[in-house]
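Notes follow the structure.
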Amino acid sequence: MKVKMWGVRGSIPSPGPHTVRYGGNTTCIEVRSDDDSLIILDAGTGIFPLAQSLLPRLPVTANIFITHTHWDHIQGLPFFIPIFIPGNTLRIHGAYDLVTMQGIEHVMSVQLQFSYFPIREAELKARVEYETLTVGTPMAIGDANVTPVLMNHPVPDLGYRVDCNGKSLFFTGDHEPWRNIYAPEDPEYAEYQAMVEQRQAELDATIGPVDLLIVDTAYTEAEYAQKIGWGHGTFDTAVAMARRIGAKRLLFTHHEPTRSDDALEAIFAEVRARYPDIDCELMLAREGMEIVL
Amino acid sequence: MPHLSLELERKLTTAVERMPAFPKSVQSVLELTRNINCLPKDLVGVIEKDPVMTMKILRVINSAYYGLPNKINSVGQSVVYLGINTIKNLALSFAAVGILPRFNTTGFDIQRYLLHSLTVAAVARMLCEKYARGEADPMDCYIAGLLHDFGKVVFAQFLSVEFMKSLAAAIDFEKPLYLAEQEIIGADHAYVGALLAKKWQFAEPLVECIRDHHHEDAAPSAMLDCLRMADMVCRMQDFGEAGNPWRDGELARMPARFGGDIAEVIARLGDLQKIVADAQSFAQIGTER
Ligand SMILES: [Zn+2]
Ligand SMILES: [Zn+2]
C-alpha cells in the first residue's frame, strides 16, 4: 500500500513564502492499494494537484472517502477534473448528517449551486455515485478494506482505517479527544468521566495497532487552551493515541494555517525531544510526501 | 394487549417528529445558543429535562448509521458520541418546531405532566441509588422516569378526542387511566411510549420499563421497581399530575424491595422540596400568568 499527501493544511488554503516547504493545500490523501485501486481520503484543495496527476492515466475510478463536510475537506471536489470527462467513475463515501437528516449525496449539490459554481451537477460527465456509510462496516475497495470510525468534531466526522494485505493505516480526519463537560466538583463529573473513558477505550480498540497513524494535530498544548471544543487535537494527544493503540509511525497533519514552515519545524523538534524513547516513528506531513507501507 | 392498527402506528411515529417541545426548554435553548461560548453542561441540563427533546435526541442518535455498540440512553452519553455542537444544532432544530401549548384541546395540562415526569425521574434516580445500587444505573432510571408517560403527550397531541374521553372515563368510573385508554383508544400510553422507544432502537430495558410500568405481572427488574415506586411516591404526594390520580389501594402493589411502608421510603429520600421546586421552575408552574 502507498500513501501520498496532497494537502496537509487545516481550515483554509495557506499559500505563500512561509508555507512553501510543507504546502498550503487543505486535506487530501491518496492511498493506492496493492492492486492499484485508488482511495482518496478527503477532498480539500489538495485534490486538485492530485487530479492533474491522474489525467495521463484516464479513465479512472476514484473512491473518495470524506471524513466530514467542513469546507477544508471538500472544497476541491468540484475541481476534481475527471468528473468533467466521460468514462471516469467517482464514488463518494461519507457520513449521515443527523441535523439535516441527509446522507453524503448532498455534499456536491450544496457546492454546485448556480451562485457558487458555473456547472450543474446534472452536467457532470463522469459517473458519480454516493454511498452513505454505516460506522464500523468495512467497504471493500479492490484488495483493500476501508472501515469508517466515528470521531469527535463539531460535525459527525469519520476516521478511516484502511487495510490491505496485512498493512494498515488510520486517518482521524479532524478529531479532538473527548473531554469532561463537567467540572470536578459537579455531581455529574464522575459519571461523565466514566463515559468519556469508555468511549476512548472503544475507539482505541476499534482502531487497533496500525502501521501508519495520520492525526489532526492543529495545535500545540499551549494553543489548545484557547481552542477547547473547536474539534482538533494536539501533537501530544496524537502521541498519546499512537502509544495507546501501538502505531509504528505517526504522521502529524492538518497544520494550523498561520503556522510557518520554520515554526512547524521548531514545534516538531521540540515534540520529538520530549519523547526521546518513543517506540514509534514521528513524522511531519508535507505536501508531496510519499510513504510505502 | 390490544394493539394499534398499522396506520395509527405510522401516524403516531411520524407525528412525534413534528411534536413541539416545552416552553422553558425552547426558551433556554435559544438563549444559551445565542452565546457561542455557552457551557455544554448547561445545554445538557436543559435538554435532559424535556421529554420531547430527550426522546428526539435519543431517536436520532440511535439511528443505524452510527452503528453504536450499545444503545444510547442519556443526553450526556449522546454528547460523548456526537459532540456538543451536533447536539446543540439538533436542539435548535427541535426548538424551531415551536412550543407545546399549556393546555391542548383535551384539557390535559402539559405543564403538570412535565412536573410529574421530572419528579418521577429525579425520585427514580434517588431510589436507585438508595435501594438498587449496582442492580440498575441511576441515570437509566432517570430517563425511564422522564419518558414513562411519553405516550400521554402523544395521545394528547394526536388522538385528542379519544384521549379526552379516556381522561373523563378514568375520573367518572374511578378506574386507572391506562385501562380507560385501552378501552377507548385500543392501546394504553405505556404501549405507545414503548412502541416509539422500540422503533427508535432505545435500549431494551428502557423499552420494557416504559411498556410494563402498569403491568402487575411483568417480569420484575430493579429499574422497573424504581420507576413504579417513584411514580407512587410522586402521585401520592401530588407532585404534578398526568391524568391518573392516586388511589390508596395501590399501596398493596409496592415492590417488595422497598419494605412495606411508603412513609419510611419517603423519609429515607430526605427533603424532596428542592427536586419539586427545580421541576416546578422548569415546568413553569406557578411562575407564569
Ligand atoms: Zn479540518
Ligand atoms: Zn473540520
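First the proteins, then the strands, lettered A, B, ... as listed; each starts at 1.
Residues A:T172 and A:V215 come closest through the heavy atom pair OG1-CA, 3.6 Å.
Taking the six-membered ring for Trp and thresholds of 30 and 60 degrees, A:Y182 and A:Y192 have ring planes more than 60 degrees apart, a perpendicular arrangement. Using the six-membered ring where Trp is involved, A:H68 and A:H153 have ring planes that are perpendicular, over 60° apart on the 30 and 60° scheme. Ring pair B:F202/B:W200 is tilted by interplanar angle, where 30° to 60° counts as tilted.
When heavy atoms are compared at a cutoff of 4.5 Å, A:M101 approaches chain B solely by way of its side chain, counted from C-beta outward. When heavy atoms are compared at a cutoff of 4.5 Å, A:E176 does not approach chain B at all. No part of A:T206 comes within reach of chain B, as not one of its non-hydrogen atoms sits under 4.5 angstrom from that chain. Using a 4.5 Å cut-off between heavy atoms, A:Q198 contacts chain B through its side chain alone, with no backbone atom that close. Of the two parts of A:L158, neither the backbone nor the side chain holds a non-hydrogen atom closer than 4.5 Å to a non-hydrogen atom of chain B. For chain B, the nearby parts of A:V99 are the backbone and the side chain; heavy atoms of each come within less than 4.5 Å. Contact annotation for A:D186: only side-chain heavy atoms (C-beta onward) come within less than 4.5 Å of a heavy atom of chain B. Interface residue A:L98: backbone and side-chain heavy atoms are both found under 4.5 Å from chain B.
There is a side-chain donor-acceptor pair under 3.5 Å between A:T234 and A:T237. With hydrogens and angles left out, the side-chain atoms of A:H232 and A:D216 include a donor and acceptor closer than 3.5 Å. Checking A:D143 against A:S33 by side-chain atom types alone, a donor-acceptor pair falls below 3.5 Å. Side-chain contact, A:S11 with A:D72: no donor N or O sits under 3.5 Å from an acceptor N or O. Side-chain contact of B:H116 with B:H148: a donor-acceptor pair under 3.5 Å is present, judged by distance alone.
Contact residues of residues 85-95 of chain B toward chain A are B:N85, B:T86, B:N89, B:L90 (heavy-atom distance under 4.5 Å).
Between chain B and the residues A:V135, A:N180, A:T132, the most heavy-atom pairs under 4.5 angstrom are made by A:V135. Most heavy-atom pairs under 4.5 Å with chain A, from the set B:I84, B:V79, B:L39: that is B:V79. Of the listed residues B:S74, B:G76, B:P138, the one with more heavy-atom pairs under 4.5 angstrom with chain A than any other is B:G76.
A centroid separation of 6.0 Å or more is found between the aromatic rings of A:Y160 and A:F170.
Salt bridge annotation for A:R127-A:E129: present, with a cationic side-chain nitrogen under 4.0 angstrom from a carboxylate oxygen.
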